[in-house]
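Nothing here was measured: the structure is a model prediction, and the numbers come from that model.
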Amino acid sequence: MQLPSKLFALVLLALASTSTMLYANDSSAIDNVDNNKSEFKKQRIITLAPHLIEMLFSLGVGDRVIATTEHSDFPEAANNVPRIGNYARLKIEKILAYEPDLIIAWRTGNPLDDLDRLKKLGLNVVYSDPKNLEDVATELRLLGKLTGTNQRAEELASQYELDLKNLRKTFANKPPITVFYELWPNPLTTVSNNSWPQQHLNVCGATNPFVESITDYPQIGLEQVAIAKPQLIIQPISNGHVTPDAVNWLQWSDIPAAKHKQLIHPNSDKLHRMTPRLLGELEKLCSSIEESRHYYLSIK
């Protein structure tokens, strides 16, 4: 079966994290933001990724966003913001018509040729790309600087850092448990190295048999999973639904996770988005992994 390219591309783009944090190719991009607090309220901002509009709403400036891209669906008010493109293509003419003061782009989640055009047209563009879990706090602070909401940003960033630190501490030094993370069913794709979901597994103290794969999102075969014998299988869901064509692992009775019915379905809409909201879902993921860990200890 052919790769469902559009949907699968969205999954990978939602997790891509190969750059640095929010920055500008030339320092004037941030300097060009008017530092007059009264002028901040007049800002006309375009965001080019779901995590960006979500964080701006958390800073209390969602009303300044005049346009955004598809799949920017949180909070509910974000659904009312006009769309000017998606991960594959931006509508340059529409963007120009909106006359934005600031465009916050996602370098690994937006078409590079469109971003280059926006820069050449003289628009004020800065880039976002959280690389590690800790970078969410850094981006909050920089978004605060860009929008004149430094105090609110610092409050959110500090709380995020504290919650992440406590989460790491809570699940540190736990007994090992082998898990398989089914990022996508067809082709069967998992996570490894420094991918976003792999960082979640690290926090939860879970062992991924594919962690040392060549790429961050390796494609593997069903037999490889069977050989790895995971004790727990993770199948994230979006909008309350399991991914179409998700593997029915219960048919693989030789896999411990299937034999003992140890399958969990975290919310990928929260877990895969680089915002403070992910920590709540990450805590749930770690707790579910902990429950499975206790289960195996109880049957020894």
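The list of disulfide (SG to SG under 2.5 Å) pairs with a residue in residues 45-141, not counting sequence neighbours, is empty. Among residues at least two apart or in separate chains, there is no disulfide (SG to SG under 2.5 Å) pair with a member in residues 79-183. For residues 181-237, the pairs satisfying disulfide (SG to SG under 2.5 Å) are Cys204-Cys286, with sequence neighbours left out. Legend: disulfide (SG to SG under 2.5 Å) pairs involving residues 214-253, not counting sequence neighbours: none detected. Among residue pairs with one or both ends in residues 280-291, those qualifying as salt bridge (charged side-chain N to carboxylate O under 4.0 Å, His left out) are Lys174-Glu290, Glu290-Arg293; sequence neighbours excluded.
Arg168 is listed as a side-chain neighbour of Leu133, based on a closest heavy-atom distance under 4.5 Å. The closest side-chain heavy-atom distance from Ile45 to Thr147 is below 4.5 Å.
Residues satisfying the ring pair (Phe, Tyr, Trp, His ring centres under 6.0 Å) criterion with Tyr295, sequence neighbours excluded, are His260. Residues that satisfy the side chain to side chain donor-acceptor pair (under 3.5 Å) test with Arg141, not counting sequence neighbours, are Glu154, Glu161. Under the side chain to side chain contact (heavy atoms under 4.5 Å, CB included) criterion, Asn173 pairs with no residue at all, not counting sequence neighbours. Take Lys94 and apply the side chain to side chain contact (heavy atoms under 4.5 Å, CB included) test, not counting sequence neighbours, and it matches Ile84, Lys91. Shown here are the ring pair (Phe, Tyr, Trp, His ring centres under 6.0 Å) partners of His294, two or more places apart in sequence or in another chain: there are none. Taking the side chain to side chain donor-acceptor pair (under 3.5 Å) definition, one finds that Thr207 meets it with nothing, sequence neighbours left out.
Between the CG atom of Asp101 and the CG atom of Asn124 there is a distance of 8.5 Å, given to the nearest 0.5 Å. Atoms CZ and CG, on Phe40 and Leu146 in that order, are 8.0 Å from each other to the nearest 0.5 Å. Here CD1 of Ile46 is found 8.0 Å from CG of Leu123. Values are rounded to the nearest 0.5 Å.
Shortest non-hydrogen contact noted between Ile95 and Leu90 is CD1-CB, 4.2 Å. Leu201 and Val191 make their closest contact through CD1-CG2, 4.3 Å (heavy atoms, listed as atom of the first residue, atom of the second, distance). In terms of heavy atoms, Ile177 sits closest to Ser292 at CD1-OG, 3.6 Å. Of all non-hydrogen atoms in Asn132 and Gln199, the two that sit nearest each other are CA-OE1, 3.3 Å.
The side-chain tip of Arg273 does not point at the ring of Phe74 from less than 6.0 angstrom away and within 45° of straight on.
Tracing side-chain contacts under 4.5 Å through hydrophobic residues (I, L, V, M, F, W, Y), one reaches Ile289 starting from Ile299; they form part of the same cluster.
Under 4.0 Å is where a charged nitrogen must lie from a carboxylate oxygen, and between Lys270 and Glu54 no such pair does.
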Donor-acceptor list for residues 249-258 side chains, cut-off 3.5 Å, not counting sequence neighbours:
unit_1: Trp249; atom_1: NE1; unit_2: Glu182; atom_2: OE1; d: 2.7

Run Thr69 and Asn86 through side-chain hydrogen bond (donor to acceptor under 3.5 Å, both in side chains) and show every step you take. CA-CA 5 Å; Thr69 49; Asn86 53 36; over 6 Å; no

Start with the C-alpha distance between Asn202 and Gln198, add both sets of side-chain angles, then the distance that settles side-chain hydrogen bond (donor to acceptor under 3.5 Å, both in side chains), and finish with yes or no. CA-CA 6 Å; Asn202 293 342; Gln198 179 59 50; 2.9 Å; yes

Side chain to side chain contact (heavy atoms under 4.5 Å, CB included) between Tyr160 and Leu278, intermediate numbers included: CA-CA 10 Å; Tyr160 175 89; Leu278 76 88; 4.3 Å; yes

